[in-house]
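These values consider heavy atoms only, across backbone and side chains, with no hydrogens, waters or symmetry-generated copies.
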Amino acid sequence: MADNVNEAAPAGAPPAADAGHAAGAVDVEILEAPERGSVDELLDAGAHDELDAMRHSTAHVMAEAVLDLFPGTKLGIGPAVADGFYYDFDVPRALTPDDLAAIEVRMRESVAANHPFIRREVPFDDGRAAVEGRGQTYKVEILDDLAAKAKAAGEGSPAITFYEHGPFSDLCRGPHVASTGKIGPFKLLSVAGAYWRGDAKRPALQRIYGTVWADQEALDAFLWRRAEAKKRDHRRLGVQLDLFSFHDVSPGAAFWHPKGQKLYRLLEDSMRELQARRDYLEVSTPMLVSERLWQQSGHWDLYRENMFLFESENQTFSLKPMNCPESTFIYRSRKRSYRDLPLRYAEYGRLHRNELSGTLSGLTRVRQFVQDDAHIYVRPDQLMEEIQALLGEVREAYGWFGLTPRFSFATKPDKAIGDPALWERAERLTMEAFAASDISYELKPKDGTFYAPKIDIYIDDALGREWQMATIQIDLTMLPERFDLKYDDETGAAVRPIALHRAIYGSIERFIGILVEHFAGAFPLWIAPVQAVVIPIADRHVEPAEELASVLRSRGLRVEVDASDNRMQNKIRLAQEQKVPYMLVLGDREVEAKTATVRRRGEEKGAAQETLTWDALADRFAAEAAARGA
RNA sequence: GCCGACAUAGCUCAGCGGUAGAGCAGCUGUUUCGUAAACAGCAGGUCCUCGGUUCAAAUCCGAGUGUCGGCUCCA
């Protein structure tokens with residue numbers, strides 16, 4: 001499968017490509033706008049640029065505070081980002097949370113002083129001299145790059161602009177709000193390392209992140225989302241719900257506990273069921289393979305850094321980081337006819353990728369994981385139909401979790417390999433497949449991999465965070481040519497098949513991490529590791545409770561009995577904390593009538609409750625689980 | 001990998017140079033209970049690892065390991 005399935009998604013912080021720096025015309029407009037009543041009014045205009053202008057302005061105010069508290073600080077850059085802003089500083093010492101508090105205090109003083117933002121345009125050389133005079137070497141570098149760029153374009157050095165407020169002046173393109181008093185409620189969030197220009201070879205700066213909003217309500221909402229995300233953190237819920245754990249003997253790899261493993265299996269088996277309907281064939285290929293395989297596939301040059309390698313008897317072996325090359329060995333194990341295609345090989349292979357230690361994070365960035373991977377070999381005339389079918393599989397599978405997939409389509413990059421005519425045809429057929437399936441997609445020109453156009457699938461979770469899930473790649477050359485795949489057509493001539501790489505969940509580990517956060521651990525019945533807890537009220541009800549559990553288990557349901565001598569209230573509390581979908585209370589009345597009283601997870605106090613017979617319960621739960629819906 | 005922070009009981013955390021603490025969970029006993037915590041007792045620790053400073057280190061310093069926040073946003 002593709003290289004990028006396991007990559008960390010930009011959780012909650014989608015890249016804001018043009019954050020904070022709108023076109024020059026806008027900045028003048030905002031700056032020269034007459035006095036406005038309030039920030040609310042400013043933002044009521046609805047232009048996102050204005051919120052960004054305020055965020056960027058707050059970054060300036062923060063820079064003022066940092067320069068004041070830490071003289072000699074060199075400034076990096078300070079743009080607006082998705083939910084706020086940051087500024088990179090080269091400060092003499094490491095900043096602490098206490099420093100953030102002190103910086104905030106200074107910032108509030110500056111806001112209270114209501115300094116106007118003043119835009120000043122100066123000739124390039126004057127500006128450069130000013131910046132250099134202040135010892136702002138990073139800014140000098142930025143200016144020199146600007147000049148070089150202008151020169152390359154055949155232009156002279158551009159005029160440059162400064163924005164000043166109070167004692168502070170910064171090289172800046174703008175725009176800004178009219179004055180510091182226009183800055184809304186803000187909060188500094190964290191300090192983190194960041195390289196100058198994102199380059200590990202350049203100096204490490206300290207980045208302070210902050211957030212600022214038009215009004216208190218919006219700030220509170222943001223902080224609530226943030227707190228809620230923390231509460232839902234799968235690393236925390238994984239421990240609370242006893243799903244998995246991590247141990248330092250295997251960084252970046254989960255230890256799956258019984259309940260987590262059940263969830264894992266349910267996801268796999270669901271996909272197996274879907275695949276069976278679509279005539280996939282499941283295969284399994286070795287985890288331990290010689291480096292020679294990667295030399296042939298081309299990964300040796302591009303991917304070696306990310307592979308676990310070791311020597312044995314003078315050979316270099318690797319733990320496979322992807323399944324695709326080995327899949328071709330099964331394809332080539334005999335001569336293939338056009339009648340054999342499409343050939344769909346599914347593989348739940350365990351993969352290892354040597355991710356940098358600092359990037360590991362829970363289940364979303366791991367070194368060891370399983371993909372619900374498949375490699376599909378098709379004739380050129382089968383391509384469109386197959387893509388359409390794959391799009392349908394994606395929609396079906398995401399529907400099981402109540403998720404709506406969004407699609408993007410990335411086309412041929414400049415550095416692509418392979419026959420341009422093949423590319424053109426594959427791209428056209430993919431777009432036709434989208435159209436035929438009535439699926440809209442975002443086109444990403446030239447963003448495909450070097451060997452394949454690709455479809456990426458995204459979802460938005462319950463907190464509105466975007467996650468990139470899986471990809472479908474239409475491989476015209478990598479597997480077919482490097483591994484010399486062929487089939488005989490009707491005339492007996494050897495023809496190259498097209499290979500499709502696809503994974504629907506992507507990494508199952510990562511998918512589970514996202515599901516945990518999306519559902520806040522309260523899984524739909526069909527994947528809940530424990531679907532119901534039977535709660536006997538007193539000791540004498542334990543035996544009938546076990547009987548009820550047996551009845552439900554015989555219908556394939558996952559049921560536990562809480563036979564502890566806790567009071568019923570406590571048993572309910574524990575089941576709630578474990579987010580078990582149903583609690584079945586059994587006391588004298590129920591035992592007498594062979595019934596149980598149903599309490600649903602999360603039910604309000606005093607909600608009306610149903611008492612049902614054991615068979616009725618079994619029927620209802622079995623039907624709900626089989627429906628496989630969120 | 002790099003920058004910074006953190007690492008104390010199964011979990012969440014307090015203690016920050018002078019005998020290791022709490023709540024929850026666990027164990028034992030009592031309680032047999034009607035929709036989100038019954039009561040009592042007991043047990044539980046190489047204070048991440050290694051080294052250093054000190055009369056004395058969980059506490060200060062250094063190295064290692066792991067975890068967390070970041071490392072794309074171009075004035």
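If you measure from atom CG of A/Leu189 to atom C1' of B/rC68, you get 16 Å, rounded to the nearest angstrom. Put simply, OH on A/Tyr86 is 12 Å from C1' on B/rA75, counting in whole angstrom units. Remark: P of B/rC3 and CG of A/Asp199 are 14 Å apart, rounded to the nearest angstrom. Rounding to whole angstrom units, CG of residue A/Leu205 and P of B/rU72 are separated by 12 Å. Between the CG atom of A/Leu188 and the P atom of B/rG69 there is a distance of 19 Å, given to the nearest Å. Straight-line distance from the CZ atom of A/Arg365 to the P atom of B/rG69: 13 Å, rounded to whole Å. Straight-line distance from the CD atom of A/Glu121 to the P atom of B/rA75: 15 Å, rounded to whole Å. Straight-line distance from the CZ atom of A/Arg207 to the C1' atom of B/rC74: 11 Å, rounded to whole Å.
In this structure, the nucleotide among B/rA75, B/rC74, B/rC71 sitting nearest to the side chain of A/Leu143 is B/rA75. Closest to the side chain of A/Val81, out of B/rC73, B/rA75, B/rG1, is B/rC73.
Among pairs with a residue in residues 247-256 of chain A, none fulfils salt bridge (charged side-chain N to carboxylate O under 4.0 Å, His left out), at least two apart in sequence or across chains.
Rounded to a whole angstrom, the distance from the C1' atom of B/rA14 to that of B/rA58 is 13 Å. B/rG45 and B/rA9 are spaced 6 Å apart, taking the C1' atom of each and rounding to whole Å. Distance check on atom P: B/rC47 versus B/rA57 gives 12 Å, rounded to whole Å. Going from the P atom of B/rC50 to that of B/rU65 covers 15 Å, rounded to whole Å. B/rA7 and B/rC61 have their P atoms separated by 13 Å, with the value rounded to a whole Å. Comparing B/rC24 with B/rA56, their C1' atoms sit 34 Å apart, to the nearest whole Å. Between the C1' atoms of B/rU59 and B/rU8, the separation comes to 11 Å (whole Å). B/rG21 and B/rG44 have their C1' atoms separated by 13 Å, given to the nearest Å.
Note on A/Asp199 versus A/Arg197: no salt bridge recorded, every NZ/NE/NH1/NH2 to OD/OE distance being 4.0 Å or above. Note on A/Arg232 versus A/Asp461: no salt bridge recorded, every NZ/NE/NH1/NH2 to OD/OE distance being 4.0 Å or above. Contact check on A/Glu132 versus A/Arg128 returns a salt bridge, with a Lys/Arg side-chain nitrogen under 4.0 Å from an Asp/Glu carboxylate oxygen. A salt bridge is defined here as a Lys NZ or Arg NE, NH1 or NH2 lying under 4.0 Å from an Asp or Glu carboxylate O, and A/Glu228 with A/Lys231 meets this definition. The residues A/Arg540 and A/Asp588 are annotated as salt-bridged, a charged nitrogen and a carboxylate oxygen being separated by less than 4.0 angstrom. Ion pairing of A/Arg406 with A/Glu442 is absent here, as no side-chain N (NZ or NE/NH1/NH2) approaches a carboxylate O to less than 4.0 Å.
Across all strands shown, B/rU54 forms no Watson-Crick or G-U wobble pair with both key distances under 3.5 Å. Across all strands shown, B/rA9 remains unpaired; no Watson-Crick or G-U wobble contact has both distances below 3.5 Å. The partner of B/rA25, taking Watson-Crick or G-U wobble pairs whose two distances both stay under 3.5 Å, does not exist in any strand shown. Base pairing of B/rG17 is not made with any nucleotide, judged by Watson-Crick or G-U wobble geometry with both donor-acceptor distances under 3.5 Å. Of the nucleotides present, none pairs with B/rU35 by Watson-Crick or G-U wobble criteria with both distances under 3.5 Å. Nucleotide B/rU46 has no partner under the Watson-Crick or G-U criteria, as no pair reaches both atom distances under 3.5 Å. Base pairing of B/rC2: its partner is B/rG70, meeting the Watson-Crick or G-U wobble criterion (both donor-acceptor distances under 3.5 Å).
Two residues are said to be in side-chain contact when any heavy atoms from C-beta on lie closer than 4.5 Å; A/Ile459 and A/Ile514 meet this criterion.
Dashed line: the shortest gap from a side-chain N or O of A/Arg235 to OP1 or OP2 of B/rC68 is under 4.0 Å. Proximity of A/Tyr195 to the phosphate of B/rC74: no side-chain N or O atom is located under 4.0 Å from OP1 or OP2.
Checking A/Ser250 against A/Arg367 by side-chain atom types alone, no donor-acceptor pair falls below 3.5 Å.
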Treat primed atoms plus P, OP1 and OP2 as sugar-phosphate and everything else as base, then score nucleotides 30-37 of chain B 5' to 3': B for base contact with protein heavy atoms under 4.0 Å, S for sugar-phosphate contact only, - for none.
BBBBBBBB
Could you run through nucleotides 4-14 of chain B and give me one letter per nucleotide, 5' to 3': B if any protein heavy atom sits under 4.0 Å from the base, S if only the sugar-phosphate is that close, - if neither?
S----------
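For the pair A/Thr180 (side chain) and A/Ser110 (backbone), a donor-acceptor distance under 3.5 Å is present.
Under the ring-ring contact (aromatic ring centres under 6.0 Å, His included) criterion, A/Tyr138 pairs with A/Trp196, not counting sequence neighbours. Here A/Arg304 pairs with nothing under the side-chain hydrogen bond (donor to acceptor under 3.5 Å, both in side chains) rule; sequence neighbours left out.
At a threshold of 4.0 angstrom between heavy atoms, the contacts of A/Leu356 include nucleobase atoms, whether or not backbone atoms are also involved. As judged by a 4.0 angstrom heavy-atom cut-off over every strand, A/Leu360 is placed among residues touching the sugar-phosphate backbone only. Among the atoms of the strands shown, none is found under 4.0 Å from any heavy atom of A/Gly127.
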Close N or O pairs between protein and nucleotides 45-51 of chain B (under 3.5 Å):
none

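Taking the six-membered ring for Trp and the full ring otherwise, A/Phe89 and A/Tyr87 have centroids separated by under 6.0 Å.
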Go through A/Ser169 and A/Arg134 one step at a time and tell me if the side-chain hydrogen bond (donor to acceptor under 3.5 Å, both in side chains) criterion holds.
CA-CA 10 Å; A/Ser169 169; A/Arg134 291 177 208 157; 3.3 Å; yes
